[in-house]
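Below is one structure, written out as structure tokens; the observations come after it.
Every chain is numbered from 1 and lettered A, B, ... according to where its sequence line falls, protein lines coming before strand lines. From a predicted model like this one, the values you see are computed outputs, not experimental measurements.
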Number of protein chains: 2
Amino acid sequence: MKKPLSSPPNTEVIQEISKIFKIISDPTRLSILFLLQYKELSVKNIAASLDMEQSAISHQLQTLKKSRLVKSKREGKSMLYSLDDSHVFSVLEQVLNHIKESEH
Amino acid sequence: MKKPLSSPPNTEVIQEISKIFKIISDPTRLSILFLLQYKELSVKNIAASLDMEQSAISHQLQTLKKSRLVKSKREGKSMLYSLDDSHVFSVLEQVLNHIKESEH
DNA sequence: TTTACATATGAATATATAATCATATGAATG
DNA sequence: CATTCATATGATTATATATTCATATGTAAA
């Protein structure tokens, strides 16, 4: 048994939570986050891994960057992206467990 | 230190996770879930609490029901909705902690 | 300093979906 | 059984956003 959350969040908190979920509710962004779990990768590398266009990946990386979920550093001609917020993965773990538990 | 997830999820799992996040990334749906955390409520009651139209709430409740996040039972003229999946709240807790931790 | 390579970005397009409106369905009550 | 109350639902509208296209920016190498 889990104890319930202390009190219903107000509108602003609801909006914040919504934003976080919205960011990681897109399959492309979610895939990028999983790819970056172990090592930093270039835009080209990510695009190749997901079999998507460079531009699409770059756009999504900007979205993730704005949300502080990834960070980037230049290496020669490439930009290397890496996770900026590993805590997000504890959330993802919860959801994975949730999926497992619902497979009965 | 958390140990990483065992392996990158495949496309189908990514899609599943995305769907879950998408469901709870809408402010209205999220608010409904929080409202239902302690007690079951009628559609009218929820609509009044959120100051929204009955129809909008009803539509969102159907979405939540499809996703097995809420269940309903009839009581007279009313329909009482309640949480069907309390496990989702462990995910929400994680996100709340996440927000708290990022307020430094 | 051209040229090639890697990435970023603005505009346009396509698609998804939240809310609204009008109305249907269903239950209780006179 | 007509009326009222509560909810559901299909269609429409409005809006958000993911992707694509064309092109700009930035870096290294010939």
Side-chain angles (χ1 to χ4, degrees), chain A residues 11 14-36 39-84, chain B residues 11 14-36 39-84:
Chain A
T11 311
I14 290 279
Q15 298 295 335
E16 279 189 90
I17 302 176
S18 297
K19 273 182 205 160
I20 294 177
F21 283 134
K22 195 162 233 174
I23 294 295
I24 55 184
S25 70
D26 176 73
T28 300
R29 286 192 293 265
L30 201 51
S31 299
I32 292 174
L33 291 177
F34 278 117
L35 278 177
L36 295 181
K39 55 176 184 292
E40 56 188 7
L41 293 172
S42 69
V43 178
K44 194 184 181 186
N45 195 325
I46 296 170
S49 298
L50 300 182
D51 191 27
M52 290 181 61
E53 290 202 7
Q54 173 270 324
S55 180
I57 299 301
S58 184
H59 276 296
Q60 295 298 4
L61 283 169
Q62 305 319 308
T63 302
L64 288 167
K65 204 173 173 183
K66 264 188 200 165
S67 312
R68 304 275 179 102
L69 292 175
V70 304
K71 57 182 188 290
S72 64
K73 70 176 181 203
R74 180 168 284 281
E75 194 175 79
K77 281 180 283 190
S78 300
M79 278 294 227
L80 296 184
Y81 280 84
S82 57
L83 292 185
D84 192 20
Chain B
T11 311
I14 290 279
Q15 298 296 333
E16 278 189 88
I17 302 177
S18 298
K19 274 181 204 161
I20 295 178
F21 283 134
K22 196 164 233 174
I23 294 295
I24 55 182
S25 70
D26 176 74
T28 301
R29 287 191 293 265
L30 201 51
S31 299
I32 292 174
L33 292 177
F34 278 116
L35 278 178
L36 295 180
K39 55 176 184 295
E40 56 188 9
L41 295 171
S42 69
V43 179
K44 193 183 181 186
N45 196 324
I46 296 170
S49 297
L50 300 181
D51 191 26
M52 290 181 62
E53 290 201 8
Q54 173 270 323
S55 180
I57 299 301
S58 184
H59 276 297
Q60 296 298 3
L61 283 168
Q62 305 319 307
T63 302
L64 288 167
K65 204 174 174 183
K66 263 189 201 164
S67 312
R68 305 274 179 103
L69 292 175
V70 304
K71 57 182 187 291
S72 65
K73 71 177 182 204
R74 179 168 285 281
E75 195 177 77
K77 282 180 280 191
S78 300
M79 278 295 226
L80 295 184
Y81 281 83
S82 56
L83 291 186
D84 192 19

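Below the 3.5 angstrom threshold, one finds no donor paired with an acceptor across the side chain of B:Gln60 and the base of C:dA19. Side-chain N/O atoms of A:His59 and base N/O atoms of D:dT17 include no donor-acceptor pair closer than 3.5 Å. One can find a donor-acceptor pair under 3.5 Å joining the base of C:dC21 and the side-chain atoms of B:Ser55. One N or O donor and one acceptor, one from the side chain of A:Gln54 and one from the base of C:dA8, sit under 3.5 Å apart.
Nearest nucleotide to the side chain of B:Ala56, out of C:dT20, C:dA8, D:dT7: C:dT20. In this structure, the nucleotide among D:dT7, C:dT17, C:dT20 sitting nearest to the side chain of B:Lys22 is C:dT17.
Between the CZ atom of A:Arg29 and the P atom of D:dT17 there is a distance of 8 Å, rounded to whole Å. Distance, B:Met79 CE to D:dA8 C1': 9 Å, rounded to whole Å. Rounded to an integer number of Å, the gap from CD of A:Gln62 to P of C:dA8 is 5 Å. Whole-Å rounding puts the A:Lys66 NZ to D:dA18 P distance at 11 Å. Rounding to whole angstrom units, CG of residue B:Asp51 and C1' of C:dT20 are separated by 15 Å. When rounded to the nearest whole Å, the span between CD of B:Glu53 and P of C:dT23 equals 15 Å. Rounded to an integer number of Å, the gap from CD1 of B:Ile57 to P of C:dT20 is 9 Å. In this structure, B:Ile46 atom CD1 and C:dA19 atom C1' are separated by 17 Å, rounded to whole Å.
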Pick out the pairs of N or O atoms, protein on one side and nucleotides 28-30 of chain D on the other, that lie under 3.5 Å.
none

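Side-chain atoms of B:Arg68 never come within 3.5 Å of backbone atoms of B:Val70 as a donor-acceptor pair (strictly under, hydrogens ignored). Judged by distance alone, with hydrogens and angles left aside, the side-chain atoms of A:Lys73 form no donor-acceptor pair with the main-chain N or O of A:Met79 at under 3.5 Å. For the pair B:Lys71 (side chain) and B:Leu83 (backbone), a donor-acceptor distance under 3.5 Å is present. Checking side-chain atoms of B:Arg29 against main-chain N and O of B:Ser31 turns up no donor-acceptor pair under 3.5 Å. For the pair A:Gln62 (side chain) and A:Ser58 (backbone), a donor-acceptor distance under 3.5 Å is present.
Checked against A:Tyr81 for a side-chain contact (heavy atoms from CB on, under 4.5 Å), the options A:Asn45, A:Leu64, A:Leu36 give a single hit: A:Leu36.
For D:dA6, the OP1/OP2 oxygens have no side-chain nitrogen or oxygen of B:Tyr81 closer than 4.0 Å. A close approach under 4.0 Å does occur between a side-chain nitrogen or oxygen of A:Thr28 and OP1 or OP2 of D:dT19.
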Practice problem: Start with the C-alpha distance between A:Leu50 and A:Leu35, add both sets of side-chain angles, then the distance that settles side-chain contact (heavy atoms from CB on, under 4.5 Å), and finish with yes or no. | Solution: CA-CA 9 Å; A:Leu50 300 182; A:Leu35 278 177; 3.7 Å; yes
